[in-house]
Structures are given as C-alpha cells and as structure tokens.
Amino acid sequence: MPLNFIDLHCHSSCSDGELSPSELLDYASAQNIQLLAITDHDNVDAYLTLSAELGLDASNAYIKTPQKVTLLSGIELSSVWNNHGIHIVGLGMDVTHQGFQEFIEDQKKRRANRVQDIATQLTAMNIKGCDEFLAITANAQKSQAIGRKHFAEFIVRTGQAKNISQAFKHFLSDKKLKNITQYWPSISQSIDVINQSGGTAVLAHPLKYHLSRFKIHHLIKDFVDSGGRAIEVSSSMQSQESTDYLYQKLKEHNLLASVGSDFHQTGLVWQALGKFNYCLPNINTVWSQWPALASIQSH
Ligand code: AMP
Ligand code: MN
Ligand code: MN
Ligand code: MN
C-alpha cells in the first residue's frame with residue numbers, strides 16, 4: 001500500500017488518539033506528510049493549541065508549521081442518520097466562528113452526558129469498576145472528550161475483555177449500547193455548521209458503518225442534498241473493490257475526493273498515518289479548493 005503525502009483524517013490525544021497534537025505534527029513530519037488535518041472527535045483543541053504555540057491566527061483555514069507540514073483545520077462530528085451513527089468530517093473551517101464554537105460546546109456537553117449513559121449501561125452488562133474509571137479518567141472536564149475507545153481500553157486493562165475489538169463486539173457496539181446515537185445532531189445539522197464556518201463537509205469512511213449498499217446509496221444522497229460536498233474515497237483498510245465503488249458514487253454526485261488513514265496510534269500497520277490506497281484518475285480533490293494547496297500531490 002502506498003505511503004501518501006496527504007492525510008486528512010487522524011486523531012490526537014485531544015480525542016481518542018495516542019499522540020499529543022505536537023507529537024502528531026512531528027510524527028507527520030517524520031513520515032514526509034505535507035498536508036495534514038487533525039480530525040478529532042467533536043473538538044478542534046489540537047488546531048487551537050498548535051496555532052497558539054506558533055503564534056498563528058487560528059481563524060485561518062490552514063497554517064504552515066516549522067515542521068514543513070501544512071495543517072488544515074479539521075474535525076470529525078458525531079452525527080446521526082436514520083438511527084445510524086455517522087461521522088461527518090469538516091475541513092478548512094474558521095474554527096473561531098461563533099456559530100461553530102457554540103455547536104462544539106453543545107457537542108462536548110452531549111459527549112459528557114453520553115459517557116454517563118455508557119457507564120450505566122456497561123454496569124448493567126456486569127462490567128465492574130465503571131464508576132472508579134469515570135472518577136479517575138473522566139473527571140468533569142475530560143469527560144467531554146471521552147469516548148468508547150477509552151471505555152474499551154479500561155475494559156481490556158481490567159481483564160474484562162481479551163482485546164479492544166472483543167470489548168467493542170461484546171459491550172460497546174451500536175447494537176450492544178441502547179439508543180447510543182440519540183445524543184448526536186442530524187447529519188444535516190453537522191453539515192450546516194461546517195458550511196457556515198467556511199469549511200467543507202466530508203462523509204467519513206462511508207463503508208465502515210456496516211450499511212447495505214442500498215442504505216449507503218441513500219445516505220450519500222441525503223448527505224449531498226443537505227450540502228455535503230466530499231467523500232473519503234480512500235481509507236486504510238479498504239479493498240480496491242470498495243474504492244472503485246466510492247469512485248463511482250463520487251462521479252455520480254460530482255463530489256470532491258478526500259483521503260485519510262483514520263490514524264489513532266503508532267504500531268497499527270493497517271491504520272498507519274499516510275497509508276491508504278489512492279490511485280484514482282481525473283478526480284477533483286477537496287484540498288485543491290485552496291489555491292495554495294492545490295499543487296500538493298498525494299503520492
Ligand atoms: P465514539 O466517538 O465514542 O462513538 O467512539 C468511536 C471510536 O471508537 C472510533 O472513532 C474508533 O476510534 C473506535 N472504535 C469503534 N469501533 C471500534 C472497533 N471495533 N475496534 C477498535 N476501535 C473502534
Ligand atoms: Mn476514534
Ligand atoms: Mn469515524
Ligand atoms: Mn476518525
């Protein structure tokens with residue numbers, strides 16, 4: 001699988017990633033990434049922190065860092081469509097836009113409420129120690145950034161599941177946790193706030209929701225009708241057949257292409273930064289909307 005110079009989907013420790021924002025930036029630089037968007041779940045703290053550290057204006061869609069990585073502002077908004085949890089990535093917003101900031105504050109509150117619900121449901125499934133976990137890990141401030149991956153790590157650490165994927169399978173999937181998508185805004189609300197703050201809404205990893213092709217077709221249609229403009233045609237663990245299918249959808253709806261690994265941590269070969277299949281001809285890319293970024297080649 002080729003290594004690419006662009007990665008527009010990854011996570012820092014501001015959500016469920018391993019590396020701090022500055023570690024992630026250094027790591028991207030070491031991997032020769034030229035254009036990076038950190039797309040943490042429901043917050044833009046990484047972009048705010050890094051631009052502040054560099055003395056740069058966070059209201060810009062992108063900043064140039066001394067590590068030679070151009071950082072495009074990014075987020076991954078937890079959203080709901082027909083009771084399915086769907087992720088909308090936003091790229092290139094003015095993250096200081098008032099409506100956007102208010103939306104993020106609400107999103108953090110929803111996440112904090114949801115954490116309590118998850119703990120209650122896990123306890124009912126006989127998982128021990130959820131209250132202690134919350135008291136230590138998810139104190140009032142941090143619970144805004146806590147998600148299912150943190151719970152999965154806690155369940156494995158305490159020997160209540162063999163590994164992360166077993167923890168998800170037995171306790172944390174959308175099927176095991178009742179009504180867990182109810183907290184989130186609709187995809188059209190997420191798309192609206194991204195558009196209003198000058199960004200581009202991207203349908204994240206369309207094939208990772210375990211939806212039938214029939215439902216994906218309708219999801220993409222509703223996404224486009226709501227003002228969504230791009231889809232991730234490449235993400236890490238994806239077959240050529242899947243990429244071909246998404247390429248067809250992209251052409252059908254005249255969408256822009258986005259690419260990203262959904263990197264969370266080092267050491268996972270199937271989800272490494274900059275690693276995804278991407279060899280599509282005649283394609284309009286999401287980053288070429290910004291003239292200064294248009295010349296960056298993905299590979
Ligand atoms: P949340 O934002 O709380 O809904 O958690 C979603 C996150 O959980 C995803 O972004 C992944 O990082 C992680 N995740 C979901 N399913 C799995 C899985 N089967 N194995 C490992 N991580 C997963
Ligand atoms: Mn995640
Ligand atoms: Mn996602
Ligand atoms: Mn992600």
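Counting convention: from 1, in listed order, for ligands and their atoms alike.
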| query | At the 4.0 Å heavy-atom cut-off, does Lys169 count as touching ligand 1? | reply |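 Lys169: no contact with ligand 1 (<4.0 Å).
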
Which of the atoms of ligand 1 are close to [X], meaning less than 4.0 Å from one of its heavy atoms?
X: Ile164; answer: 21 (C)
X: Gly147; answer: 3 (O)
X: Lys149; answer: 12 (O)

- Message: Please check whether Asp16 reaches ligand 1 - meaning an N/O of the residue sits under 3.5 Å from an N/O of the ligand, judged on distance alone.
- Response: yes

message = Side chain or backbone, does His41 bring an N or O within less than 3.5 Å of an N or O on ligand 1?
response = yes

(Q) Taking the basic N atoms (NZ, or NE/NH1/NH2) and the acidic carboxylate oxygens, is any pair closer than 4.0 Å for Arg114 and Asp42? (A) no

Sequence neighbours excluded, the answer for side chain to side chain contact (heavy atoms under 4.5 Å, CB included) partners of Thr49 is Glu53

Co-membership, hydrophobic cluster, residues Tyr209 and Leu255, 4.5 Å side-chain = yes

Checking Trp270, Tyr27, Phe276 against Phe263 for ring pair (Phe, Tyr, Trp, His ring centres under 6.0 Å), the one that qualifies is Tyr27

How close does the nearest protein non-hydrogen atom get to atom 12 (O) of ligand 1, and which residue and atom is it?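 Going atom by atom, the protein heavy atom closest to atom 12 (O) of ligand 1 ends up being His264 NE2, 2.9 Å.
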
### Task
Note the single closest protein heavy atom to atom 3 (O) of ligand 1, along with its residue, its atom name and the distance in Å.
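Ranked first by proximity to atom 3 (O) of ligand 1 is Arg148 N, 2.7 Å.
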
Exercise. Is it the case that more than 12 heavy atoms not belonging to Asn163 sit under 6.0 Å from its CG atom?
Worked result: yes

Can you confirm whether the side chains of Gln240 and Asp244 place a donor and an acceptor under 3.5 Å from each other?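 Yes, side-chain donor-acceptor contact under 3.5 Å.
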
Q. Mind checking whether Met93 and Ser73 have side chains closer than 4.5 Å, heavy atoms only?
A.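 Side chain of Met93 against side chain of Ser73, heavy atoms only: contact under 4.5 Å found.
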
Flag the pair Leu122 / Leu172 as yes when at least one side-chain heavy-atom distance between them is below 4.5 Å, and no otherwise.
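Yes. Closest side-chain heavy atoms under 4.5 Å.
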
Note, the Mn ion (ligand 4) has protein N, O or S atoms under 2.8 Å numbering 4

### Contact partition for Arg114 relative to ligand 1, non-hydrogen atoms under 4.0 Å
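Just the side chain.
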
Within the 4.0 Å heavy-atom cut-off, what Arg111 brings close to ligand 1 is side chain

Note: heavy atom closest to atom 8 (O) of ligand 1, options Phe151, Phe168, Trp184, belongs to Phe168

Begin from the C-alpha positions of Arg157 and Glu132 and carry the test salt bridge (Lys or Arg N to Asp or Glu O under 4.0 Å) through to its verdict.
CA-CA 13 Å; Arg157 199 166 56 238; Glu132 292 86 335; over 6 Å; no

Between Lys149 and Glu153, is the salt bridge (Lys or Arg N to Asp or Glu O under 4.0 Å) condition met? List the steps. CA-CA 6 Å; Lys149 190 154 181 279; Glu153 283 159 1; 3.4 Å; yes

From the list Val259, Val89, Thr39, side chain to side chain contact (heavy atoms under 4.5 Å, CB included) partner of Val202 resolves to Val89

